[in-house]
Amino acid sequence: MIEELSYTLNHEKIYGKIYKTEKEGKQPILILSHGLSLDHTLMMPYAEKLYKKGINTYIYDFRGGGYNGKSDGKISDMTIDTEKDDLNFIIDSLKKEDFVDEEQIYVGGHSQGGLVSSLVAPTRNDIKALFLFAPAYEIPDDMKEKDNPSQMNVLNLMPEYLGEKYINCAINIDVFEEIKGFTGDVYIFHGVEDKRVPVEYSIKADKVYENSVVYLYEEGEHRFSDEIKDDVVEIISEKIL
């Protein structure tokens with residue numbers, strides 16, 4: 001079953017889709033978060049592939065998270081903190097669904113979605129593992145060159161919307177200090193040729209996490225090829241099933 005499953009936070013809709021298998025009883029679920037300026041469609045290939053392997057997956061749009069998102073909220077109001085609020089609310093809401101095993105909540109995402117997932121995980125005790133696709137751990141560093149951002153600086157993704165509110169939130173994040181509090185399993189996937197998020201950030205995170213492994217793809221870029229996606233899905237399905 002693939003259908004819309006949306007929730008309401010502070011009178012604003014968070015649009016989502018559930019990829020629910022036909023298995024009986026409570027099942028594990030993987031929640032995948034998209035990157036900056038994008039929407040849930042970026043995560044659809046993963047959800048579709050995992051669904052075929054019998055894994056329940058939830059994808060959604062952050063409020064104000066991208067140009068074409070179906071959730072409410074203004075892009076100019078979006079920050080790392082509002083996206084953390086969204087993810088926390090999604091986790092709490094899904095745990096109330098009768099098909100979800102509260103002991104098997106998995107979280108992950110791409111780029112900023114991976115960063116948000118990494119920051120939320122240490123603040124909770126119900127996330128079993130993280131699956132991170134090119135997590136954007138460089139964002140706080142990007143904010144430090146806010147007055148003269150380089151071409152690949154994240155601020156250039158949505159320059160008409162990413163202002164002081166976003167910058168002031170992100171610049172104060174001490175990524176590697178905050179993420180190390182998560183002691184569950186962490187699986188990081190990163191392309192060596194990634195120009196948006198240098199692979200060195202994931203290599204450093206692998207040293208910070210207590211229980212982690214990093215998968216490096218020699219020809220991989222920031223958005224993964226179908227071949228890399230297949231490999232990522234295969235690894236995820238081995239860890240969840």
Point to revise | Side chain proximity check, E102 to D126, heavy atoms < 4.5 angstrom | key: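 Not touching, per the 4.5 Å side-chain cut-off.
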
Practice item. Report yes if some heavy atom in the side chain of L36 is under 4.5 Å from a heavy atom in the side chain of Y166; otherwise report no. Key: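 Contact flag for L36/Y166 side chains = yes.
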
Specify whether [X] and [Y] have parallel, tilted or perpendicular ring planes, treating 30° as the upper limit for parallel and 60° as the lower limit for perpendicular.
{"X": "H110", "Y": "H222", "value": "tilted"}
{"X": "Y19", "Y": "Y51", "value": "perpendicular"}
{"X": "F89", "Y": "Y7", "value": "perpendicular"}

**Study point:** Qualifying residue, where the test is side-chain contact (heavy atoms from CB on, under 4.5 Å) with K229 and the options are Y46, F133, F189
**Key:**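 Among Y46, F133, F189, the one meeting side-chain contact (heavy atoms from CB on, under 4.5 Å) with K229 is Y46.
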
Review point. Does Y137 have K204 sitting over its ring (NZ/CZ under 6.0 Å from centre, angle to axis within 45°)?
Key: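 Here K204 fails the 6.0 Å and 45° test against Y137.
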
Quiz question: by atom type and distance under 3.5 Å, do the side chains of [X] and [Y] form a donor-acceptor pair?
{"X": "E4", "Y": "S6", "value": "yes"}
{"X": "D39", "Y": "T41", "value": "yes"}
{"X": "Y60", "Y": "D86", "value": "no"}

Name each donor-acceptor pair under 3.5 Å that joins a side chain in residues 233-241 to protein atoms two or more places apart or in another chain, with its distance.
residue, atom, partner, partner atom, Å
E234, OE1, K53, NZ, 3.0
S237, OG, V233, O, 3.1
S237, OG, E234, O, 2.8

Review point. When you check the gap from the basic side-chain N to the acidic O, do K144 and D141 get nearer than 4.0 Å?
Key: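 Between D141 and K144 there is a salt bridge, with a charged N closer than 4.0 Å to a carboxylate O.
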
**Study point:** H34: which of F62, Y67, Y15 passes ring pair (Phe, Tyr, Trp, His ring centres under 6.0 Å)
**Key:**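 One option only clears the test, and that one is F62.
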
